[in-house]
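Each remark here refers to the structure printed beneath this line.
Atoms within each ligand, like the ligands themselves, are counted from 1 in listed order.
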Amino acid sequence: MSRPTILLNPGPVTITDRVRNTFLQEDLCHREPDFAELILDIKKRLARVYEDSAEGYQAVLMTGSGTCAVEAMISSLVPKDGKLLVIANGVYGERIAEMAEVHGKNFVLVKAPWPEAMPLEEAERHLQNDPEISHVTAVHNETTTGRLNDMDALGELCVKYEKKLLLDAVSSFAGERIEFKKWNITALASTANKCIHGVPGLCFVLADEREMEKSHSAADSLYLDLFSYYEKQKTGFSPFTQATHVAVALQEALLELEDSGGWQMRMERYRSISVKLRDELDKMGIPRFLQENEYSSMLSSFHLPEGYSYEQLHDKLREAGFVIYAGQGGLFHQIFRIANMGDIRDEDVERLLRTFRQITGAA
Ligand SMILES: *Cc1c(COP(=O)(O)O)cnc(C)c1O
């Protein structure tokens, strides 16, 4: 069978036929009990993706892209009398600082240049000297470069200074190790259409139940109030219309994730592909942008090949049936990115490598 265009951007991903076929089912009304049951099932499966969160954490589903979940988390969970320490080393960390600004939060931003690691020493100085800080936020897999941030080190700081961690796990949930207890995670945000292999339209916050039960919402937005969704979704219903078709697909994607061995197997599969891509491209004179051991399992950044602009490279690959991803901001003229989430098969990887060999003249 011929293959569809393979998406090598960091979500939406190329979905499997199993997930695609759910769109052929009957339509659902979001106010009917069968839809509520579906939502309850998805909530349970999301919490169970990691053993650590199966007890004591509740998934809250919202209709929107990943940014929606991150913004609802920041807006609802950082109280007026609290203060947020934002740690950024890429576009997504800096976006959280913008959210804190927009929502009038008391916050402090520590940031590193995008190709660098999180500025943890500077972060610790703030944690030591600023007792007002109540929450810490960071990006697990910084999609800007593909860097997997050192959450073990940051988690240790959160435990040591007793700060609640709000984690952007949009591009890592279901594809990387996540330690809820060890990192002191109060909540994380993610989406249906990255490592879970669903389609775009639904996002979620996985939050500590105790926090949701005892705190009041700090949201200054009606639509992004996590607590109103949390309360209503105890029975599977939501305050507003949810993306019903997307929910059916998400349930199927979660079943597929379970059937294929869960996050560990997915991470291993991702890593075997990304390591191969980085090694093979390096041999063709397309070196990786970061050090090998800095990368997440499913996202790689590369220097642009000699003599190619991003657009030229993109168009060549698009012709061959692959969509790659540009660098953001100042990195546009320097790098390109390849994400290997989704239904990517060995034959796709081989064909991609053949295409690169042709492009670089290494064939
Ligand atoms: C994709 C992504 C987001 C959310 O982006 P959307 O376009 O809103 O889905 C947030 N953080 C990270 C790290 C991401 O990779």
Going by the atom numbers of ligand 1, which of them fall below 4.0 Å from some non-hydrogen atom of [X]?
X	value
V139	13 (C)
T67	4 (C), 5 (O), 6 (P), 8 (O)
G66	4 (C), 6 (P), 8 (O), 9 (O)

So is [X] close enough to ligand 1, meaning a heavy atom under 4.0 angstrom away?
X	result
V70	no
N193	no
K194	yes
D168	yes

Next on the checklist: Could you report the tightest heavy-atom contact between Q233 and K43, atom names first, then the distance?
Outcome noted: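 Heavy atoms only, the tightest pair is O-NZ, 3.3 Å.
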Next on the checklist: Any carboxylate oxygen within less than 4.0 angstrom of a Lys/Arg side-chain nitrogen, looking at K181 and D208?
Outcome noted: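 So K181 does not pair with D208 through a salt bridge.
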Checklist entry - How about F173 and F204: are their ring centres within less than 6.0 Å of each other? => result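 Yes; F204 has its ring centre under 6.0 Å from that of F173.
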Checklist entry - Is the closest N or O pair between T143 and ligand 1 shorter than 3.5 Å? => result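 Yes - when backbone and side-chain N and O of T143 are compared with those of ligand 1, one distance drops under 3.5 Å.
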Checklist entry - How does V170 reach ligand 1, if at all, at less than 4.0 Å between non-hydrogen atoms: by side chain, backbone, both, or neither? => result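 Side chain only.
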